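The block underneath contains the structure these notes are about, expressed in structure tokens.
Note that the structure is predicted; figures quoted are calculated from it, not measured. Naming convention: chains lettered A, B, ... in sequence-line order (proteins, then strands); numbering from 1 in each chain.
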4 protein chains.
Amino acid sequence: MATGRGAQATSPKGAAVTATAAEDAASAGKAPRTARGRRTLRAILDAAAEEFGEKGFHEGSVSGITRRAGVALGSFYTYFDSKDEVFRALVRDMSAQVRDHVTPAIRAAGHQIEAERAGLESFIAFVRDHKEIYRIIDEAEFVDPESFNLHYDSTAERIRARLAAAADRGEVRADVGEVHAWAIMGMNVFLGLRYGVRDDDAVPGDVADAVAAMLARGIGVPDSE
Amino acid sequence: MATGRGAQATSPKGAAVTATAAEDAASAGKAPRTARGRRTLRAILDAAAEEFGEKGFHEGSVSGITRRAGVALGSFYTYFDSKDEVFRALVRDMSAQVRDHVTPAIRAAGHQIEAERAGLESFIAFVRDHKEIYRIIDEAEFVDPESFNLHYDSTAERIRARLAAAADRGEVRADVGEVHAWAIMGMNVFLGLRYGVRDDDAVPGDVADAVAAMLARGIGVPDSE
Amino acid sequence: MATGRGAQATSPKGAAVTATAAEDAASAGKAPRTARGRRTLRAILDAAAEEFGEKGFHEGSVSGITRRAGVALGSFYTYFDSKDEVFRALVRDMSAQVRDHVTPAIRAAGHQIEAERAGLESFIAFVRDHKEIYRIIDEAEFVDPESFNLHYDSTAERIRARLAAAADRGEVRADVGEVHAWAIMGMNVFLGLRYGVRDDDAVPGDVADAVAAMLARGIGVPDSE
Amino acid sequence: MATGRGAQATSPKGAAVTATAAEDAASAGKAPRTARGRRTLRAILDAAAEEFGEKGFHEGSVSGITRRAGVALGSFYTYFDSKDEVFRALVRDMSAQVRDHVTPAIRAAGHQIEAERAGLESFIAFVRDHKEIYRIIDEAEFVDPESFNLHYDSTAERIRARLAAAADRGEVRADVGEVHAWAIMGMNVFLGLRYGVRDDDAVPGDVADAVAAMLARGIGVPDSE
DNA sequence: AATGAATGAGAGTTCATTCAT
DNA sequence: GATGAATGAACTCTCATTCAT
């Protein structure tokens with residue numbers, strides 16, 4: 001699927017992607033030197049998120065991106081070396097944004113079970129605004145396996161680490177480990193697909209409540225609150 | 001990700017795919033009439049599973065398939081109308097095979113929690129033999145969304161139905177529903193990815209034990225065994 | 001410049017190229033398996049000699065080749081992996097044909113000075129029929145340096161070897177070596193350019209006579225005839 | 001091949017080219033009016049000699065030139081109307097410099113055979129410092145045929161004229177003419193390629209000695225010294 | 001004069017699909 | 001049925017040239 005925690009590309013505000021991805025482009029050695037250049041790069045990145053989100057990497061085209069961005073075909077290559085490269089920048093950007101979006105919700109929670117609940121709720125809400133995230137991160141499996149693996153490995157590792165810390169605090173059972181982290185990530189990703197992308201009917205909080213209740217009994221320590 | 005329950009393409013025996021997929025092809029209106037034809041169709045389907053499993057749908061090519069199958073390029077079109085069509089046949093075949101592989105393990109269990117444990121163990125074991133299943137089902141999201149959705153919807157529905165039956169039997173909590181079904185499917189898919197495709201180190205039974213313990217407390221009814 | 005000894009591409013007979021170049025293509029792993037395929041390959045090779053001879057490698061285009069050959073653009077790639085590859089095949093073919101054309105004239109001569117005279121005359125005559133050879137072999141310096149170097153190195157080496165043999169027979173001076181071989185090759189190439197490609201006025205035999213007279217005194221042994 | 005007589009682009013001092021070529025550029029109607037402009041033009045011309053020498057005309061790029069020159073891409077068009085135009089300026093410049101380099105050595109000789117010897121030695125030495133000259137003049141055959149022809153025609157004509165004068169002085173045979181001029185030019189060009197560009201082992205003087213001895217007998221008048 | 005972003009025509013290459021043998 | 005050559009639309013990427021700043 002896609003991700004363990006929210007994103008922001010092509011946001012309603014229309015510019016959120018660029019923050020991180022523009023840096024990736026920069027680190028790829030094609031940083032714009034003028035304000036006009038920065039505007040163009042931003043337009044291309046937003047357009048790429050749209051194009052790939054709608055059509056996927058292979059069906060999407062560079063000319064589709066530049067058409068959406070309202071720039072000439074050649075301008076694309078002023079900022080990216082190849083179609084693969086924008087895609088890579090986008091995947092990393094989305095991965096970062098998902099993480100940045102849910103982290104505060106998780107941090108704000110007082111108890112680890114509540115943290116997981118908040119994370120899932122926040123993730124589902126986020127996915128609703130950024131349905132393209134699934135298509136983009138999923139297709140990375142084929143186009144940029146490294147980013148794909150990195151995304152899931154680091155997401156799972158973050159979950160594992162916070163569960164371990166919670167175990168130390170006595171909030172979750174001591175035998176909780178990597179298996180549980182991957183299990184939770186998998187649940188979140190599929191619930192995001194079902195209740196974020198597929199159908200908007202359910203209330204994210206309700207879905208999160210149901211899962212949290214299961215987790216409280218499944219991995220929580222009774223009376224640790 | 002990919003799937004909730006096992007597959008069989010490109011099996012060690014090298015022919016398993018064909019049973020089901022050949023019927024799909026037949027239903028697509030190109031059933032071979034001679035024994036020679038049946039052999040060619042089987043070769044093409046096995047080769048397609050290999051090709052798409054290795055390279056994905058877009059990077060895979062019809063000529064790659066016929067080369068692997070040892071038949072002429074043109075022969076492909078004797079059995080399939082298009083590249084999309086083999087892929088569709090393959091996705092449905094895999095979906096069916098995953099289902100057919102895990103179902104017996106689930107049926108054999110005495111208690112629902114044990115059934116879920118057996119299903120996951122069986123699934124991980126299966127994935128190890130058919131790592132291409134993830135790539136194929138995942139890419140269906142772009143190539144054949146209908147099959148993709150059908151696969152996950154029907155898998156989740158099967159889980160939901162058996163949990164409902166178990167609730168009636170008093171083996172799992174009465175409040176278990178669709179959310180739990182999608183959560184379990186997500187866990188299974190990601191654990192299959194992590195411990196089936198990615199890394200062969202862990203013992204599937206151990207992974208399944210950890211998950212079953214969590215589920216027993218999370219959704220199980222104490223003393224229902 | 002171009003070459004030390006004659007060529008044959010795009011000959012009046014229109015098919016000469018293919019003999020050798022078709023084998024190169026074959027050795028490149030794309031040998032046609034049917035008579036129709038052989039005809040197409042021949043048409044492409046002849047067209048490539050024309051296209052590159054007229055426009056040079058960089059200005060020439062694959063679509064120009066297929067247009068001349070009267071085949072579809074894609075058919076080109078049935079026989080060659082790239083534009084570079086036809087060019088390479090062509091250069092090697094031309095090198096071989098130049099050699100094959102002049103060698104008999106040289107062999108037929110009774111004395112080495114007469115052999116050099118006959119070689120030059122034959123070369124000029126040949127160049128007049130295949131003016132494109134200069135453009136093709138010259139541009140190889142940029143496109144396929146290996147073939148370019150090989151062409152001149154082997155041509156010079158052939159001259160050196162036959163002069164050495166002649167020295168043993170007492171027909172030319174004993175101190176004749178590599179320097180003289182390259183000098184003779186250079187003379188031939190430029191006289192071919194001047195009296196073969198550039199201007200058809202002079203009689204090749206007259207040019208060859210003048211050079212032979214100079215060589216007779218310059219490297220010949222008096223009274224060795 | 002390339003040329004009959006010396007050049008100077010991309011010289012060790014790094015600026016020599018400009019003297020002549022800047023005039024060509026000027027004659028092309030874009031003479032710089034300030035000292036800063038002259039410096040920029042010089043930098044572009046030197047960079048162009050490097051770029052085209054290394055990569056050839058077609059593989060070389062305007063942006064490669066400006067990068068080497070350390071100026072902005074757009075600045076190129078302040079001094080040249082097109083890529084072709086720099087190349088043309090460069091070819092003429094190189095032709096002139098080759099001529100200017102060898103002429104003094106030829107003039108200084110007391111006897112025509114010695115003059116030819118000195119010319120060849122000087123040419124080989126020169127080529128070693130300016131190996132790019134072959135690539136540049138050779139590619140002119142495709143890019144700027146007029147300059148290409150002019151270069152060889154005028155070089156051959158200079159040789160012919162000095163041989164005619166020498167014949168009048170009784171230093172070379174009376175029957176020496178255009179054929180001999182082209183032959184000598186061809187020898188020089190190929191010996192420059194072999195012992196100047198390709199391999200630095202041989203001593204230019206030794207090569208020139210061998211050729212001079214051959215010419216002395218071939219076209220010289222005995223006892224004319 | 002200098003800068004560097006923007007432009008867009010053009011070229012090479014791929015490959016699903018067709019069809020004559 | 002099988003074969004493999006032929007087709008051509010489609011796409012990515014390059015780069016000379018222009019132009020606003």
Check your understanding: For A:Phe57 and C:Leu73, take the nucleotide of DNA chain F holding the closest heavy atom to each; which residue's nucleotide lies nearer the 5' end?
Key -> C:Leu73

Check your understanding: What does B:Ser75 touch in the nucleic acid at a heavy-atom separation under 4.0 angstrom: a base, only the sugar-phosphate, or nothing?
Key -> base

Check your understanding: Closest nucleotide of DNA chain E for C:Asp84 versus for A:Thr40: which of these residues is on the 5' side?
Key -> A:Thr40

Check your understanding: E:dT18 C1' sits how many Å from C:Arg36 CZ, rounded?
Key -> 11 Å

**Study point:** Phosphate OP1/OP2 of E:dG12 contacted by C:Ser63 side-chain N/O (<4.0 Å)
**Key:** no

Exercise for review: Starting at atom CZ of C:Arg33, determine the distance to atom C1' of F:dA6, rounded to an integer number of angstrom.
Suggested key: 16 Å

Check your understanding: F:dA6, E:dT7, E:dA2: which one has an atom nearest the side-chain heavy atoms of A:Thr78?
Key -> E:dT7

Exercise for review: Kindly say if C:Thr34 contacts the phosphate of F:dT3, meaning a side-chain N or O under 4.0 Å from OP1 or OP2.
Suggested key: no

Review point. Angle class for the B:Phe52/B:Phe87 ring planes (parallel below 30°, perpendicular above 60°, tilted otherwise)?
Key: perpendicular

Practice item. For A:Gly60, answer base if it contacts any base atom (sugar-phosphate contacts may also be present), sugar-phosphate if it contacts only those atoms, and nothing otherwise; contact means non-hydrogen atoms under 4.0 Å. Key: sugar-phosphate

Review point. Looking across every strand, which nucleic acid part, if any, lies under 4.0 Å from B:Ser61 by heavy atom: base, sugar-phosphate, or nothing?
Key: sugar-phosphate

Revision key, fill the gap. Between CD1 of D:Ile65 and P of F:dT17 the distance, given in whole Å, is 11 Å

Point to revise | Nucleotide of E:dA16, E:dG12, F:dT7 approaching C:Val62 most closely (side-chain heavy atoms) | key: E:dG12

Practice item. Answer yes or no: does a side-chain N or O of C:Tyr77 lie under 4.0 Å from OP1 or OP2 of E:dT14? Key: no

Review point. Roughly, in whole Å, what's the span from CD in A:Glu59 to P in E:dA16?
Key: 12 Å

Review point. Can you tell me the Watson-Crick or wobble partner of F:dT21, both distances under 3.5 angstrom?
Key: E:dA2

Practice item. Output yes when at least one side-chain N/O atom of A:Tyr79 is less than 4.0 Å from OP1 or OP2 of E:dA5, else no. Key: no

Exercise for review: Look at all strands and tell whether A:Gly74 reaches a base, only sugar-phosphate, or nothing, counting heavy atoms closer than 4.0 Å.
Suggested key: base

Check your understanding: So, do A:Val62 and A:Tyr77 sit near enough that their side-chain heavy atoms are less than 4.5 Å apart?
Key -> yes

Review point. Ignoring hydrogens and geometry, is there a side-chain-to-backbone donor-acceptor pair from D:Lys83 to D:Phe57 under 3.5 Å?
Key: yes

Exercise for review: Would you tell me whether D:Arg88 and D:Ser147 have side-chain atoms, one donor and one acceptor, within less than 3.5 Å of each other?
Suggested key: no

Check your understanding: Would B:Glu139 and A:Phe142 satisfy side chain to side chain contact (heavy atoms under 4.5 Å, CB included), going step by step from the backbone distance to the final call?
Key -> CA-CA 9 Å; B:Glu139 202 153 19; A:Phe142 306 92; 3.3 Å; yes

Exercise for review: Please report, rounded to the nearest Å, how far the C1' atom of F:dT12 is from the NZ atom of A:Lys55.
Suggested key: 15 Å

Point to revise | Options E:dT3, F:dT3, E:dG8, nucleotide nearest the side-chain atoms of A:Ala72 | key: E:dG8

Check your understanding: How long is the line joining NE2 of A:His58 and P of E:dA16, in whole Å?
Key -> 12 Å

Study note, to complete from the structure: From CZ of C:Phe76 across to P of E:dG12 the rounded distance in Å is 9 Å

Point to revise | Basic-acidic side-chain contact under 4.0 Å: C:Arg68, C:Glu54 | key: yes

Check your understanding: What's the CZ-C1' distance between C:Phe52 and E:dG12, to the nearest Å?
Key -> 12 Å

